[in-house]
Amino acid sequence: MEYRQLGRSGLRVSEISLGSWLTFGATVDVPATTEIVRAALDAGIQFFDTADVYASGAAEEALRTALAGVPRHHLVLATKAFFPMSENPNDRGLSRKHLFESVHASLRRLGTDYIDLHQCHRPDATVPIDETVRAYEDLIRQGKVLYWGVSEWDDRQIGEALRSADRRGADRPISSQPQYSILRRGIERRVLPLCAREGIGQIVWSPLAQGVLTGKYRPGERPAGTRAADPFQSRFMEAFLADDALGRVEQLRPIASDLGLTMAQLALAWCLRQDGVASVIV
């Protein structure tokens with residue numbers, strides 16, 4: 001396993017990280033979660049990404065169980081906040097109130113004293129960016145969060161966060177977590193150039209296009225036992241299963257074969273060749 005600097009921060013993360021969306025606490029039980037996590041640790045993965053909203057908190061709890069006994073300082077734990085956690089109008093978004101309460105709840109569920117990287121799961125147009133930046137400034141000073149980042153923010157939103165932090169002399173976000181793959185390249189035009197200039201590292205989610213870039217799906221086929229065959233899990237991947245997308249994937253087979261790689265290895269390596277990418281989440 002190779003390790004990369006996350007942006008201009010001093011934090012080093014494994015270039016392959018393990019995520020938990022749609023899996024831990026939902027479609028993967030705790031014994032299987034533990035088996036997966038231990039296999040990841042054996043492979044040198046020390047960076048684990050989750051979110052409060054994943055399986056309504058159960059993903060964080062499953063990760064705590066799976067990591068039991070692993071020295072805390074050997075791990076980089078990342079989680080997120082934004083999406084509603086209840087019907088309560090304050091139990092969502094990026095307000096100071098919700099960020100503080102979400103962080104405390106995540107600390108309990110993860111069974112840890114601090115979160116290495118806490119991320120804004122989405123931008124929140126209803127909350128002034130200064131309020132969000134100040135909340136992270138206080139959480140970092142209290143030692144509950146070490147670094148903060150964003151997920152699925154565009155270049156304008158990231159720029160506003162940087163300017164707000166600079167005005168206050170506060171900690172800047174060190175990371176961006178965008179969707180990025182051979183089939184989804186929207187960040188290349190504006191987000192990647194901005195982040196390269198400002199020292200923000202990319203933590204890529206869905207680098208395998210939810211499994212499509214492994215090559216296991218062909219036009220008209222949804223093999224039993226796969227994510228595409230599950231109505232719950234496949235609802236976010238329909239665009240990748242269209243015949244034109246699968247046709248583009250087919251064109252990658254000879255490239256992977258000529259390089260002596262699996263389709264999945266080719267897809268991950270393609271993302272990791274980008275200088276700004278620190279880690280890809282599998």
* Donor-acceptor under 3.5 Å (S14 side chain, I16 main chain) -> yes
* Asked: Where the side chain of R184 meets the backbone of A209, is there a donor-acceptor pair that is under 3.5 Å apart?
  -> no
* **Audit row: D113, R72, salt bridge (charged side-chain N to carboxylate O under 4.0 Å, His left out) steps and yes/no** => CA-CA 10 Å; D113 296 326; R72 177 65 181 87; over 6 Å; no
* **Electrostatic pair R96:D138 at N-O distance under 4.0 angstrom** => yes
* To do: Output yes when E15 and R273 qualify as a salt bridge under the 4.0 Å nitrogen-oxygen rule, no when they do not.
  => no
* Asked: For the side chain of R163 and the backbone of D166, is there at least one donor-acceptor N/O pair under 3.5 Å apart?
  -> no
* Are side-chain heavy atoms of V37 and F24 found at a separation under 4.5 Å? -> yes
* Between L268 and V280, what is the shortest heavy-atom contact and its length? -> CD2-CG2, 3.9 Å
* Asked: Quick one: do the D49 and S17 side chains pair a donor with an acceptor below 3.5 Å?
  -> no
* Would you tell me whether S279 and R4 have side-chain atoms, one donor and one acceptor, within less than 3.5 Å of each other? => no
* Asked: Short question: side chain of E61, backbone of G25 - any donor-acceptor pair under 3.5 Å?
  -> no
* **V13 vs Y3, side-chain contact (heavy atoms from CB on, under 4.5 Å): CA-CA, chis, key distance, verdict** => CA-CA 5 Å; V13 295; Y3 302 88; over 6 Å; no
* Asked: Is there side-chain contact between E221 and K216, with at least one heavy-atom pair below 4.5 Å?
  -> no
* Structure fact -> The reported gap from CD1 in I182 to SG in C271 (rounded to nearest 0.5 angstrom) is 7.0 Å
* For the atom pair CD (E137) and OG1 (T132), what is the distance rounded to the nearest 0.5 Å? -> 12.5 Å
* To do: Say whether S106 and E60, considering side chains only, have a donor N or O and an acceptor N or O under 3.5 Å apart.
  => yes
* Please assess R109 against D52 for the test side-chain contact (heavy atoms from CB on, under 4.5 Å), listing each intermediate value before the final yes or no. => CA-CA 9 Å; R109 287 191 292 262; D52 58 358; 3.3 Å; yes
* Asked: Between T50 and T79, does any side-chain donor sit less than 3.5 Å from a side-chain acceptor?
  -> no
* Atom of L6, atom of A278 and distance for their closest heavy-atom approach -> CD1-CB, 3.7 Å
* Using a distance-only test with no angle check, is there a side-chain donor-acceptor pair under 3.5 angstrom linking T126 and D124? -> yes
* Can L77 be reached from V30 by stepping across I, L, V, M, F, W or Y side chains whose heavy atoms are under 4.5 Å apart? -> no
* Just wondering, do I281 and V204 contact through their side chains at under 4.5 Å, heavy atoms? -> no
* Using side chain to side chain contact (heavy atoms under 4.5 Å, CB included) as the criterion, list what pairs up with Q274, not counting sequence neighbours. => Y180, L192, V277
* Asked: Between Q177 and V150, is a side-chain contact (heavy atoms from CB on, under 4.5 Å) present by the stated rule, with each step listed?
  -> CA-CA 6 Å; Q177 187 174 134; V150 301; over 6 Å; no
* Asked: Considering only heavy atoms from C-beta outward, does the side chain of P223 approach that of Y217 to under 4.5 Å?
  -> yes
* L194 side, atom CG; I187 side, atom CD1 - distance, nearest 0.5 Å -> 11.5 Å
* Asked: Distance-only, no hydrogens or angles: does the T27 side chain make a donor-acceptor pair with backbone N or O of L22 under 3.5 Å?
  -> yes
* Asked: Does any pair with a residue in residues 75-134 pass ring-ring contact (aromatic ring centres under 6.0 Å, His included), and if so which ones, sequence neighbours excluded?
  -> Y54-H121, F83-H121, H118-Y136
* **D42 and R38 ion-paired at < 4.0 Å** => no
* Asked: Under a 4.5 Å side-chain heavy-atom rule over Ile, Leu, Val, Met, Phe, Trp and Tyr, are L162 and V127 clustered together?
  -> no
* **Salt-bridge contact E131-R134 (side-chain N to carboxylate O under 4.0 Å)** => no
* Test salt bridge (charged side-chain N to carboxylate O under 4.0 Å, His left out) on R222 and E238 and set out the steps. => CA-CA 11 Å; R222 298 196 181 191; E238 290 300 326; 2.8 Å; yes
* Asked: Does the S234 side chain pair with the main chain of D230, one donor and one acceptor, at a distance under 3.5 Å?
  -> yes
* **side-chain contact (heavy atoms from CB on, under 4.5 Å) between I200 and I158, worked out** => CA-CA 10 Å; I200 295 175; I158 294 171; 3.6 Å; yes
* Taking side chain as C-beta onward, heavy atoms only, is M85 less than 4.5 Å from R92? -> no
* Taking C-beta and beyond as the side chain, do L67 and L41 meet within less than 4.5 Å on heavy atoms? -> yes
* Asked: Given side chains that start at C-beta, do those of L266 and I255 come closer than 4.5 Å, heavy atoms only?
  -> yes
* Asked: Does A264 offer a backbone N or O that forms a donor-acceptor pair with the side chain of T214 under 3.5 Å?
  -> no
* Asked: Tell me, do W270 and L213 make a side-chain contact under 4.5 Å, heavy atoms counted?
  -> no
* When the ring planes of W153 and W148 are compared, do they come out parallel, tilted or perpendicular, using 30° and 60° as the limits? -> perpendicular
* Over all heavy atoms of both residues, which pair between I129 and A161 is shortest? Give the atoms and the distance, please. => CG1-CA, 3.8 Å
* **E152 and W205: side chain donor to acceptor below 3.5 Å** => yes
* Residues in side chain to side chain contact (heavy atoms under 4.5 Å, CB included) with Q265, at least two apart? -> L261, T262
* V191 and Q202: which non-hydrogen atoms are nearest, and at how many Å? -> CG1-OE1, 4.3 Å
* CD1/I203 to CD/Q119 distance, rounded to the nearest 0.5 angstrom? -> 5.0 Å
